[in-house]
Amino acid sequence: MTSPADGRQRWLTLLGRRWVLIVLLVVVWWVLATLLRGIHTLSLSTATDTWFTALLRELTAVIRGNRTESPVFIYLFNPIRVGIEGFIDSIRAVISVPAPGNLIPLMGWLGTLAVIALIVYATSNLRTAALCTALLLGCLVLGMWTYTLDTLAMTLGAVALSLAIGLPLGVWAGLSDRVMAALRPGLDLAQILPTLVYLAPLALVFLIGVASATIATMVYSIPICIRITAHAIRSLRASPLEAATAMGSTRWQLLTKVQLPMARRTIILGINQTTLAALSFVVIAALIGAPGLGKPVVEALIIRDVGDGIVAGIAVVLLAIMLDRATTAAVVHTDEVLDMTEHQRRLRRIGLVVAGLATIAAIIASRYLMWAAVVPERLDIGEQVGRIAGTVVTWITTNLGFATTGLNEFITVTVLNPVEGILANAPWYLTVIMISVLAAIIGGRTAGLVAVCLLTAIVVIGLWNDTMITLAQVLLATVVVMVVGVVLGVLAGRSTRVERALKPLLDAGQTLPAFVYLVPVLALFGPTRFASIVCGVFYAAPVVVRVVADGVRGVPAEMVEAATSAGSTRTQIITKVQLPASRRSLMLGANQGLIFVLAVVVIGGFVGAGGLGYLVIVGQSKPELAGKGLAAGLAIVLLGIVLDRIAQSGGRSRPTGQDRWAPGH
Amino acid sequence: MPLPAARDWRAASVHNPSMSAAPTIRVEGLWKVFGPHPQRLVGSPDADLSRSELRTRTGCTVAVKDVTFDVAAGEVFVVMGLSGSGKSTLVRCLTRLVDPTAGRVWLGGEDIVAVGSSRLRHLRRTKFSMVFQHFGLLPHRRVIDNIAYALEVNGAARDVRHARAHEVIALVGLQGYEQAFPEQLSGGMQQRVGLARALAVDPEVLFLDEPFSALDPLIRRDMQTEVRRLHRDLGKTMVFITHDLAEAMKLGDRVAIMRDGAIVQIGTPEEIIAHPVDDYVADFTRDIPASHVLSLGTIARPLATGEQAAEVALPAATIVRDATATILAADGPIRVVDGTTEKGVVGATDVLRLISGEHR
Ligand SMILES: Nc1ncnc2c1ncn2[C@@H]1O[C@H](COP(=O)(O)OP(=O)(O)OP(=O)(O)O)[C@@H](O)[C@H]1O
Ligand SMILES: [Mg+2]
């Protein structure tokens, strides 16, 4: 028999358990939110200003007015803009944009194709060059040639600038702890900053157009470059460095003769990641005037014409695969060269000369022969593909509409609306208090404190209600992502067969720009909150699966063997050994999942998901709402920081290096 | 009776440190403390606390504690101690890979601790070199360019440094592997590259930090023989770090034994086996067959009353193992002589007692 004291003791220990506490809190929260429904929700119509958004609007007006007068603009921003524009446009003039009065750019399509193939061949091998050519031809027959080359020009230009800045900084941060410490806050912030939020401020300063798009792309990809480069330098084996020092190397000799050559492989992988990041951003940057494939995607999203959007989306995918293969093959190539025999080397040299001559011939042909200069219309099957896609979508929506619409409505009514009800339709103070307490329980005291401060800040700037609408979608998508991620991740971590089957999907998921998911999802589910959640899930799941699978695979084999020999069932091994032992990975997965989901759900504002993303996007297009758009961007950042803090599990420092852009090979 | 060939190289360089004129290396009161405020611990009574206690109290580790010794030109000086006793830190202080907290290190008359960085680089490129436990080869360079690295950073032209590299490659028996990459070689061969690389600059002093610890026992023995041969041929001064007492005994003219950062005993292998200063050292030496190290002079005793010495006489420096056959064949204890003076006698029972371990 248990005594009352025993009973009380049991209750206390039960309360001490974190998850019990969390469940209790959520129940209390739900009851209170239901009781206080609809009071002090701070909901605000789109057109209404708050003191803060009005202030920002004034500010944008001032900035606009100053563009031609203020010295900051005349001597700093405007020259930067002109310089970058000139740089990108000179690349485009070669491959994609004819000079005024000309029919073709400096090279016609055949010449461009040959040059690209030659570059790929020179940096890797013939097979990869052939693959890349085929992928580009794919873009060509889809009728997306000029768009593709515009995107390519933008991407390569932005990558070149990003590397020019990111590689030296990365090397420096790899060498010096002080520099790393100085850069770290920026790098961390860049990791949680959703792509959408820096478009508007940049466009404000650098105008809508190529320059803003390039700078935004650089802001996105430079941190990735810095992170991986610094990681490459830092993770070098110590003993060769020590030996080289002991032989009297200067710091410069150490760097150029030892550290950089040893780190080359990882640095090239970093270039691969930087390139893919830049590509995905260039597509999104169509929102602020980037030329290229993003443009038809955005237009398709606006007029909800799925066919065209899908054709452009496919071209983006082909281009992404091409850039990924080309840069990855370059990594492998650096190893292959070492093993080549003298004979193979000679063959390769001859091959390069022949290819070079062929390329020159192709360039000349593309300047003088019509068929080699302008893509023959016969080749263009883009329209057909678009039509087929449109037909398929129509067929699905008419025949399977009951399923997609049903799923959509079911989730919206049973889960999304109640969650949104608790978060957004309750008094703001209740929500702030509850989130902060939960943050403190899950992420530690600092996380709680950060939550209180930043959520209050959101209330003060006046975008509370929209933030909560976004948060509801983020939370729901994250829960789904975590369930999917843990299940698939555990499967992939336990079985190489599953892992191999999933790998192409995961690779694709990590190479594809988030924007292209929007098109088919929009087609299936219409402009709804649910569509944006689905996008978030698709975008974030690959990362979570990968992180969890790595964690499970990282559990020492002896641990599993010990548990097996102690007579555990498979379920017991998973739940009692593998999952607890990879807790760090799960937490990291949750963190990454949240951040990725946030980035995409915000973009979902574009397709009718409402919330902060919508405000950012309308702020972009309507000057009178510019202030609101900027404020919404700020709110997204604040929300991102809060979520990141909570999921970082009590001040655990983020592992340096490639956690976000795990090399997809 | 001639000394056995295997010991020649050592006998030739055995010397009495107090007699040699200018030591190549002189280390005086060397300290290295890791942790916050390292200076405070130098010479303080706290430094005598146990490592773990010191760590919890101050957060510091005293890796090298007040170390003083000399190494003569051409000598092989072995530093031996258990893992964590501070050997690597000591040798890194001697080459300034680690900056000492206190003390001086004279290398050929120059205080290494005080020299500026460009002078230090010059010394590293020309005067001393180092061999590492984990080889430290540059994975992206071929064997020949690994070996020529120090010459390269010193500005030697390509054919000059390659010519020199070919010389040392021949010296360590790596012909035919010039164009290989380090990871294509076995561990033993990689360490040969390490040795060749260290020899390439024709240094005055060679520092070897547990160069063979990562190798298989058989390969390790080969490499030890190799080092002995190189020392015999080139006569370089060496500071050799090891945690293996047998290796220390085999290679060292003199051996320093370290514990918790301090040197507890310095002496010839024989002195250490014969007179361990404390239980710690005695514990180490237990597994070393004393008859392989001790000489007749050390174990000679006066003739007992009623005992009849044999006619045979052997020099006092003869190692017991090498004298065993003679002693067993003699009809009585043999006489041990040092030049003309009689040091005493050694009989068959003395040898057996030594071999069976009763002696200690
Ligand atoms: N960079 C460092 N920072 C802090 N402590 C260190 C550092 N390097 C060495 N130590 C500490 O100093 C002590 C001596 O280390 P050292 O590497 O010199 O020992 P060792 O005798 O070479 O051991 P081993 O045989 O394992 O190589 C150890 O307790 C070690 O933890
Ligand atoms: Mg060591």
Side-chain angles (χ1 to χ4, degrees), chain A residues 123-124 167 171 174-178 181 229 231-271 330-346 348, chain B residues 88 91-92 94-98 117-142 145-156 179-184 190-191 193-194 197-201 203 205-211 214:
Chain A
T123 54
S124 55
L167 285 180
V171 170
L175 296 175
S176 149
D177 287 338
R178 203 147 346 127
T229 309
H231 174 77
I233 298 281
R234 278 173 186 269
S235 56
L236 293 180
R237 273 183 295 140
S239 69
L241 302 187
E242 200 179 24
T245 312
M247 286 187 285
S249 315
T250 59
R251 298 252 316 243
W252 180 249
Q253 286 170 331
L254 199 63
L255 181 65
T256 54
K257 288 175 190 285
V258 182
Q259 287 167 306
L260 289 181
M262 279 174 72
R264 186 175 51 184
R265 232 188 112 89
T266 317
I267 291 180
I268 297 182
L269 264 177
I271 296 177
V331 179
V332 181
H333 176 67
T334 55
D335 297 342
E336 281 174 355
V337 170
L338 299 181
D339 293 333
M340 275 190 191
T341 63
E342 202 42 51
H343 178 64
Q344 283 169 318
R345 256 170 238 265
R346 188 153 345 112
R348 193 177 146 77
Chain B
S88 293
V91 78
R92 278 167 178 69
L94 302 190
T95 55
R96 277 273 300 277
L97 284 174
V98 164
S117 58
S118 86
R119 176 72 189 153
L120 179 63
R121 266 200 306 278
H122 177 75
L123 291 174
R124 283 173 171 170
R125 288 169 180 180
T126 55
K127 290 278 191 294
F128 55 86
S129 52
M130 193 161 168
V131 180
F132 296 84
Q133 175 174 4
H134 300 292
F135 318 141
L137 302 179
L138 308 179
H140 57 284
R141 287 174 162 242
R142 295 172 194 279
D145 288 317
N146 258 290
I147 293 174
Y149 183 85
L151 301 166
E152 180 181 332
V153 295
N154 200 18
Q179 300 302 322
F181 282 94
E183 61 186 30
Q184 298 167 333
Q190 290 192 30
Q191 196 55 299
V193 178
R197 179 174 69 176
L199 291 171
V201 295
V205 183
L206 214 55
F207 296 98
L208 303 99
D209 183 9
E210 301 202 29

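So that the names make sense, note that chain A is the first sequence line, chain B the second, and so on, each numbered from 1. These numbers come from the heavy atoms of this one structure, side chains and all, not from hydrogens, waters or symmetry mates.
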Asker: Below 4.5 Å from any heavy atom of chain A, which atoms of Arg92(B) appear? Answer side chain, backbone, both or neither.
Answerer: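 Contact with chain A involves the side chain of Arg92(B) alone.
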
Asker: Of the listed residues (Gly194(B), Ala150(B), Ser117(B)), which shares the most heavy-atom pairs with chain A below a 4.5 Å separation?
Answerer: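 Of Gly194(B), Ala150(B), Ser117(B), Ala150(B) has the most heavy-atom pairs under 4.5 Å with chain A.
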
Asker: Do Asp177(A) and Arg234(A) sit within salt-bridge range, that is, some charged N less than 4.0 Å from a carboxylate O?
Answerer: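 Result for this pair is yes, salt bridge flagged.
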
Asker: Mind checking what makes side-chain hydrogen bond (donor to acceptor under 3.5 Å, both in side chains) contact with Arg251(A), not counting sequence neighbours?
Answerer: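 None.
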
Asker: Side chain, backbone, both or neither: which part of Ala244(A) has a non-hydrogen atom closer than 4.5 Å to chain B?
Answerer: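 For Ala244(A), the contact with chain B is made by backbone and side chain together.
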
Asker: Report yes if some heavy atom in the side chain of Tyr149(B) is under 4.5 Å from a heavy atom in the side chain of Val258(A); otherwise report no.
Answerer: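 Yes; the side chains approach each other to less than 4.5 Å.
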
Asker: Highest number of heavy-atom pairs under 4.5 Å with chain A: which of Pro203(B), Gly136(B), Ala200(B)?
Answerer: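 Highest number of pairs under 4.5 Å: Gly136(B).
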
Asker: Filter on side-chain hydrogen bond (donor to acceptor under 3.5 Å, both in side chains), then keep only pairs touching residues 121-133 of chain B, sequence neighbours left out; what's left?
Answerer: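 side-chain hydrogen bond (donor to acceptor under 3.5 Å, both in side chains) check on residues 121-133 of chain B returns Gln253(A)-Arg125(B).
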
Asker: With a 4.5 Å cut-off on side-chain heavy atoms, are Met262(A) and Ile233(A) touching?
Answerer: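 Ile233(A) vs Met262(A): side chains apart.
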
Asker: Can you tell me which portion of Leu97(B) sits under 4.5 Å from chain A's heavy atoms? Options are side chain, backbone, both or neither.
Answerer: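 Contact with chain A: side chain only.
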
